[in-house]
Enquirer: 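I am attaching a structure below and will ask some questions about it afterwards.
Along the sequence shown, residues are numbered consecutively beginning with 1. Ligands are counted one by one from 1 in listed order, and the atoms in each one are counted from 1 as well.
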Amino acid sequence: MTNRLVEGPRRNSGIKRLRKLRTSLAKRGLDALLLSQPENLRYLSGFAGSSGWLLISGQNAILATDFRYMEQAKRESPNFEIIQTKRELPDWLLGLVSDLGWHKLGFEANFVSYESYHKLSEAIATKQVNLELVPTTGIVEQLRSIKEPEELGFITKAVELADAAFEQAKAIIRPGITEKEAAWEIEKLLRQERSEGTPFEIIVASGSNSALPHAQPTEKIIHSDEPVLIDMGARINGYCSDFSRTLFLGKADKTLREIYNIVLKAQTAAIEGIESGMDASQADQLARSVVEQAGYGDAFGHGLGHGVGLAVHELPTLGSSSADSLADGMIFTIEPGIYLAGKGGVRIEDMVVLENGKARVLNKAKRDLLF
Ligand code: ZN
């Protein structure tokens, strides 16, 4: 077996990320961590392929992937030792682990399938390998939740791109076109502005469809006197943005105008009130109490927001049952909504970064009632 001592990624950020991870592994008494969650792989190694494994120990940084990704791995992760996987996980992993003398191997409990875990456990027993599999959750996700300046730069670009596409989309979305047509126009605009695809399916939901928080665009024709909820995002260098507005192309009726103003007030209360060090559940309550006091508490059935980075949904989670706490460097959405079944819904979503203890809004798009 060759010497597997590897320095880690060349770039400073990569080295820092590995150092933090290694501290965390030492604290947990793990010899190494096995990772396969794609965004975690990209974060630690730069590898953006959709299939592969990382093995990180105090001294080793190994990227294991199959034939299809070997060239990409060498290009994207020059400071990792690249090995080509053959057949199934136990076939290449167990020999490697024995050679390196690891006995406690952490794995991502929320990402490794039951089947993979089962096969690996069986092989460990059959081959009598002295190896304990230790389930872990959120180790790298915690690191990812605090953004570095370079990451803030990419996310800011993705936010600007979504803002720019939305500005142009407002001129295209007119009564008479369908939700699907509107979604396609927005997708074209995002691509024209050089977004790397779209990080999630664009939502265009009009009329009573807007009361479904995660509606899919349909063949329904958009009419002038109904709300149009748009939820869209862009991606730059792997980093996402997430953004929603509710438009009124004609006149909004009284109830919808009322809920719009409540949602806006709730969002403003959160933006102004959020502070570093605060529990994420407390942040959620800042907006929720505004909605509750207005009598619409039951109609705000999702959390206030979520972290955004390499994944559209990542830590922190801003919701009433969240155990996360907020810290400088976190980037997340603030997106209260009120949804009235059969009538329509309103959501306003912006992204913020926590800096010097306060939230700074990254989006520039206007938030007032849009006609
Ligand atoms: Zn969102």
Side-chain angles (χ1 to χ4, degrees), residues 39 141 144-145 147 151-152 154-163 165-166 169 179 183 186-187 190 195-205 209-217 227-236 238-247 259-260 263-264 266-271 274 280-281 283-288 291 299-322 324 326 330-339 345-354 359-367:
E39 283 89 19
E141 286 82 349
R144 277 170 44 199
S145 71
K147 268 64 181 181
E151 296 181 287
L152 171 61
F154 293 142
I155 293 170
T156 302
K157 283 208 177 101
V159 167
E160 286 169 357
L161 203 158
D163 274 349
F166 176 69
E179 293 173 351
I186 293 169
E187 184 160 345
L190 288 166
S195 175
E196 294 154 8
T198 56
F200 56 90
E201 290 288 330
I202 295 162
I203 296 172
V204 176
N209 289 349
S210 60
L212 312 169
H214 274 183
Q216 281 180 332
V228 186
L229 199 161
I230 294 164
D231 193 338
M232 60 193 273
R235 180 173 258 148
I236 295 286
Y239 285 85
C240 307
S241 60
D242 188 2
F243 165 79
S244 302
R245 285 291 182 269
T246 308
L247 298 172
I259 65 170
Y260 192 99
V263 171
L264 183 59
Q267 197 208 27
T268 306
I271 291 168
I274 282 176
S281 57
D284 177 90
Q285 195 52 42
L286 288 171
R288 196 165 303 279
V291 177
F300 176 18
H302 57 71
L304 178 64
H306 52 88
V308 181
L310 287 170
V312 188
H313 291 105
E314 55 181 57
L315 298 180
T317 300
L318 286 80
S320 52
S321 59
S322 174
D324 299 338
L326 302 179
M330 286 182 167
I331 297 178
F332 49 86
T333 66
I334 300 186
E335 48 176 312
I338 294 177
Y339 310 91
V346 170
R347 176 163 70 251
I348 308 172
E349 174 181 28
D350 289 85
M351 283 174 56
V352 302
V353 56
L354 271 184
R360 172 169 68 84
V361 181
L362 296 174
N363 292 90
K364 300 275 185 285
K366 285 198 181 92
R367 284 195 290 270

Enquirer: For the residue pair His214 and His313, categorise the inter-ring angle as parallel (less than 30°), tilted (30 to 60°) or perpendicular (more than 60°).
Expert: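 Judged by the thresholds at 30° and 60°, the geometry between His214 and His313 is tilted.
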Enquirer: Check Asp242 and report its N/O/S atom nearest to the Zn ion (ligand 1), by atom name.
Expert: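 Nearest N/O/S atom of Asp242: OD2.
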Enquirer: Is Val352 close to Phe332 at the side-chain level, that is, under 4.5 Å between some pair of heavy atoms?
Expert: yes
Enquirer: Verify the distance test for Glu349 against the Zn ion (ligand 1): any N/O/S atom under 2.8 Å, yes or no.
Expert: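 A backbone or side-chain N, O or S atom of Glu349 is under 2.8 Å from the Zn ion (ligand 1).
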Enquirer: Indicate if the distance from the Zn ion (ligand 1) to the nearest N, O or S atom of His313 falls below 2.8 Å.
Expert: no
Enquirer: Of all the N, O or S atoms in His306, which has the shortest distance to the Zn ion (ligand 1)?
Expert: NE2
Enquirer: Is it true that Lys364 and Asp350 make a salt bridge, defined as a side-chain N closer than 4.0 Å to a carboxylate O?
Expert: no
Enquirer: Quick one: report the N, O or S atom of Glu335 that is nearest to the Zn ion (ligand 1).
Expert: OE2
Enquirer: Pair Asp231, Phe243 - check side-chain contact (heavy atoms from CB on, under 4.5 Å), show working.
Expert: CA-CA 6 Å; Asp231 193 338; Phe243 165 79; 5.8 Å; no
Enquirer: Could you go through the side-chain contact (heavy atoms from CB on, under 4.5 Å) check for Ile334 and Leu304 one step at a time?
Expert: CA-CA 6 Å; Ile334 300 186; Leu304 178 64; 3.8 Å; yes
